[in-house]
Structure formats: structure tokens, C-alpha cells
Amino acid sequence: MYALIDCNNFYASCERVFQPKLNGKPIVVLSNNDGMVIAKSNEAKALGLDLGMPYFEIRDMLEKHHVHVFSSNYTLYGDFSRRVVETLRELTSDIEVYSIDECFADLKGFQHLDLLKYGHTMRDTVKQWTGIPVSVGIAPSKTLCKVANKLAKKGPGVVLLDTPEKIDSALRDYPIEDIWGVGWQRARLLRLNGVGTALQLRNMPDHWIRKKMSVTGLRMVYELRGIPCIPLEEHPPAKKQIICSRSFGHFITELKDIEEAMVSYATRAAERMRQQKLVTRDILVWFETSRHNGPFYCGSRVQGLPRMTNYTPDILKATLSATRKIFRKGLRYRKGGVMVLELVPAMTRQFDMLLPRNEEKQESVMAALDKVNRKYGDNTLFYAATGIRREWKMLRQMKSPHYTTQWDELPLAV
DNA sequence: TCTGGGGTCCTAGGACCC
DNA sequence: TCTGGGGTCCTAGGACCC
């Protein structure tokens, strides 16, 4: 059995912890630059407020109903998130931190307990220690935990789905739109095929699901049947890409202003790369005009770096070069960002370089590669220097005249 | 030059999540 | 005037090789 512990109206709850007078009052939290609503309290929801509403459209209405408005404060939310996780770790050891306001827990060591009661213990302890209200859903798979949690939020606070009867009754009236893994496209597809509830979806034939919704859809349906297919990830895998992007808050028309913005994003991306001990060979730079008025332009470019690096000056040089290539004079830009891709561990080591047409050197490098390959087995990875971005298993045939090889120093898990 | 099958790698784009 | 900021995974199709 698994549990999903999800904070209620997380950002709004964080703001309320230090201002108890806001209990029972409507609250909204705004995005960066106060662009739009990204969180709301139940009272705000009752007023018809929803995520994604642009601030400028609802400002009068917020004032009229005395809604308390906050600009987002991610430092505060991150801090509360850590406290909630620490509290949960006191209660159970197998925890996956799924997002800033959600944790999954594996309850396999707790089968002898009254799980409903245990769920209430988690809920009460988190509330008492951190001030944040949470809901708990307990079920045989993560997807069913999501269902249980949603039901818990409607009142009981904790919902346990531990028998086929309880699961069936939970799924019977559960709209497909609310299932974890069903977005609006799949919802539309399912509705068009007469599938409206989670129970109907669960009973669809495998081949139909596989054909229409790919293996991810099939996994989801198995999970609804109580067969866990999405494992608990206690140790999050290394990031594959890092994005730093923002709305500018106003229109930018000059190249030098765009360059300034891109340089600051790239600097931050490089910092995060170093924190996570990763290096990159590629960065993607893009910026775009408004989608809401006039023709839409989005310029983007993948810029290769001469070597694997997380060194800020290298990154900035490439960023500026890409920026100049995609900049178009006369447009008004509203948003942009920098993404680093193809991240690999920084301990990946430069091995050697094959020189063009130097057969002797090639042979000696290949011999060394073979040696490494034998040492780490089939899972040893190496990276080609030019043109080819992907990792692949080391093969003797890779005798290209120009490349640099690198590999992960640690043996990889099979 | 044409025929064809099988395989790998890469890219773009779609779909989803919070 | 003003509309978030992160991420992941999967598939189809093209290029290329034997």
C-alpha cells in the first residue's frame, strides 16, 4: 500500500501560518510579476476565482470582495515544504518527494497497523508541527492514492481504499478529467468514445488503451486496477535538463536588453548545474512575442559548446551568440529563457581525443576504451564530441576520425 | 541502378505533471 | 499595458547503415 500526502492549498496555507487572522478569508497568490493567479484558498474558489486568471482582469473583483492578494514567495514555500517532508520522515522512512506540496510514502512496513488511523496520525502531526493542513489518500497504487487523496480533500481528510468494493465505489462517480495522467486531450478522446468515469476507463480493453494512449495510458489503467506500475522513487534521478525562464513583465525591443535578460538566466542555470554537479554540452536559448496580440514569433536556437562544461563564462559566450542569431529587430518580446540539455555528471571525465587520420592513435585509444568497457561491462557510457549528442553503449565500431570520449566513473545500476 | 528488409540514432512534436 | 516556471516521457518519421 502507498500513501499520498498532499498539502491543502499549499501556497495560501503557507501565507496563513504567520497570519492566523486570514483563516476563513479568501486568499490568492500571484505568479512572477503578479501576472496571474497560481494558488487560491477555498474561500477564493467559492468566489469563482481559479488558477490562470490574469490579475489585470480580476483586480476590481478582488478588491470588491476583500480578497487578500500575495505575490509569490518561493523561498517561504520551499522552507515550509522542507518542514513538512522532515515531519513525514519522522513517521515513515520510504518517502518520495513528488513536488513542492506532495509526498508519496510506501507503507509496506505498516500492513499490520490500522492504516486509516495511521493516516490520521500523519495528518495531525504535520498540522501540529508545521501549521500546514494536509490530506492523505491510501491505496494499492499511486494513481489510486491520487483518487483517494482527492476524495479526502472533500471532507474526511483521510481516505483509505483497501478493498475492491471501496475502490469500485470510489471510481464509479470519479470523472476521467480528475485522473492522474488524463489531461484535456485524453479526456476529450475518452469522452468521444463514451468513457466518462474512472470505472469505465478501468474496464476498457488493454489493446484499445495501448493503441490510443500509448504505454503510459496502459500503465495508468493498470494502476487503476490496483496493480502498481509506477514505483516509488526515493532517490530522485539526476536532472536531464535545467530551465531558467521568465516573463519580462514588460515588452523588450532592444537587443542589449534581451542580452541582459538571457545572460542573467544563463548565469542562474549554470549555478544550478554546478550545485547538482552536472555539466552540459548544449544550451537552448529562446524568446518570444505575446501570443495574445499580433503575430506570434518565437526564436530559439540550440548552441553547442566546445566542451562539456558548467563554467559560467563559456555558457555566457554561447548564450550571447545564440541570442544574436535569433533576435529580430522591430518585435516586442515578452518572455524568454535558457535551457541546458544533455546533462551528465560532472565527474564524467575527458578521456582522449582521436586525431584525424591518425590510425595509430585511434588504435591505442580504442584499446583503452575496450579496457574500460571490460571493467564496467555493457553499461559503460561514452559521449562523442561532435555532432552526436546521445549516449550509447561503447561499441568497437565507433571509429570516427574526430571524437572525444568520456564516461561516467561510477558503475551504473542495471 | 534497382530491389528490399532490418536495425540504430536523432529530431520534432505531443501529451502529461505540479 | 498586464496572461507562470518548471519538468518528464513517448511516438512517428527521416537519415543512414549493412
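Just so we're on the same page: letters track the sequence lines, and every chain starts at 1.
Residue A:D101 places its side chain closer to B:dC18 than to any other of B:dC18, C:dC9, C:dT3. Of the candidates C:dG6, C:dG4, C:dC2, C:dG6 carries the atom nearest the A:I243 side chain, counting heavy atoms from C-beta on. For A:S99, counting side-chain heavy atoms from C-beta on, the closest listed nucleotide (B:dC18, C:dT3, C:dC10) is B:dC18. The side chain of A:Q185 has B:dA15 as its nearest neighbour among C:dT3, B:dA15, C:dG7. Which of C:dT8, B:dA15, C:dC2 sits closest to the side chain of A:F251 comes down to C:dC2. Nearest to the side chain of A:R219, among C:dG4, C:dC9, C:dT8, sits C:dC9.
A:I230 comes within 4.0 angstrom of nothing in the nucleic acid, heavy atoms only. Looking at heavy-atom distances under 4.0 Å, A:I100 makes no contact with the nucleic acid at all. A:R210 comes within 4.0 angstrom of sugar-phosphate atoms only, judged by non-hydrogen atoms across all strands, and of no base.
Put simply, A:R246 has a side-chain N or O that comes within less than 4.0 Å of OP1 or OP2 on C:dG6. The side chain of A:S247 places an N or O atom within less than 4.0 Å of a non-bridging phosphate oxygen (OP1 or OP2) of C:dG4. Note on A:N32: a side-chain N or O is less than 4.0 Å away from OP1 or OP2 of C:dG5. Phosphate contact (OP1/OP2 of B:dC17, side-chain N/O of A:K146, threshold under 4.0 Å): absent. Look at A:R272 and you'll find a side-chain N or O under 4.0 angstrom from OP1 or OP2 of C:dG7. A:R186 has no side-chain polar atom (N or O) that falls below the 4.0 Å cut-off from OP1 or OP2 of B:dG14. OP1 and OP2 of C:dG4 both lie 4.0 Å or more from every side-chain N or O belonging to A:S245. One finds a side-chain N or O of A:R334 lying less than 4.0 angstrom from the OP1 or OP2 phosphate oxygen of C:dT3. Look at A:K212 and you won't find any side-chain N or O under 4.0 angstrom from OP1 or OP2 of B:dA15.
When Watson-Crick and G-U wobble pairs are counted only if both distances are under 3.5 Å, C:dC18 pairs with B:dG5.
Going from atom CE of A:M262 over to atom CD1 of A:I258 covers 5.0 Å, rounded to the nearest 0.5 Å. Atom CD1 of residue A:I95 and atom CD of residue A:E86 lie 11.5 Å apart, to the nearest 0.5 angstrom. Between the CZ atom in A:F104 and the CD1 atom in A:I5 there is a gap of 9.0 Å [rounded to 0.5 Å]. Distance CD1/A:I58 to CE/A:M36: 10.5 Å, rounded to 0.5 Å.
Taking every heavy atom of both residues into account, A:R246 and A:Y265 meet most closely at CB-OH, 3.2 Å. Of all heavy-atom pairs spanning A:R16 and A:L22, the tightest one is NH1-O, 3.1 Å.
Here C:dC9 presents its C1' atom at 16 Å from CG of A:L341, a figure rounded to the nearest Å. A:N73 places its CG atom 16 Å from the P atom of C:dG5, with the value rounded to the nearest Å. Rounded to a whole Å, the CG atom of A:N33 is 12 Å from the P atom of C:dG6. Distance A:D178 CG to B:dC16 C1': 15 Å, rounded to the nearest Å. Atom CD1 of A:I252 is separated from atom C1' of C:dC2 by 15 Å (rounded to the nearest Å). When the P atom of B:dC17 is taken as reference, atom CD of A:Q241 falls 18 Å away, rounded to whole Å. Distance CH2 (A:W180) to C1' (B:dC16): 11 Å, rounded to an integer number of Å. Rounded to an integer number of Å, the gap from A:I38 CD1 to C:dT3 P is 14 Å.
C:dT3 and B:dA15 have their P atoms separated by 26 Å, with the value rounded to a whole Å. Taking atom C1' in both B:dG4 and C:dC16, one finds a spacing of 15 Å when rounded to whole Å.
Comparing A:S214 and A:K335 along DNA chain C, the residue whose closest nucleotide (by nearest heavy atom) sits nearer the 5' end is A:K335. Nearest-nucleotide positions on DNA chain C place A:R332 closer to the 5' end than the other of A:R332 and A:K239.
Checked by atom type, the side-chain pair A:D34/A:S71 shows a donor-acceptor distance below 3.5 Å.
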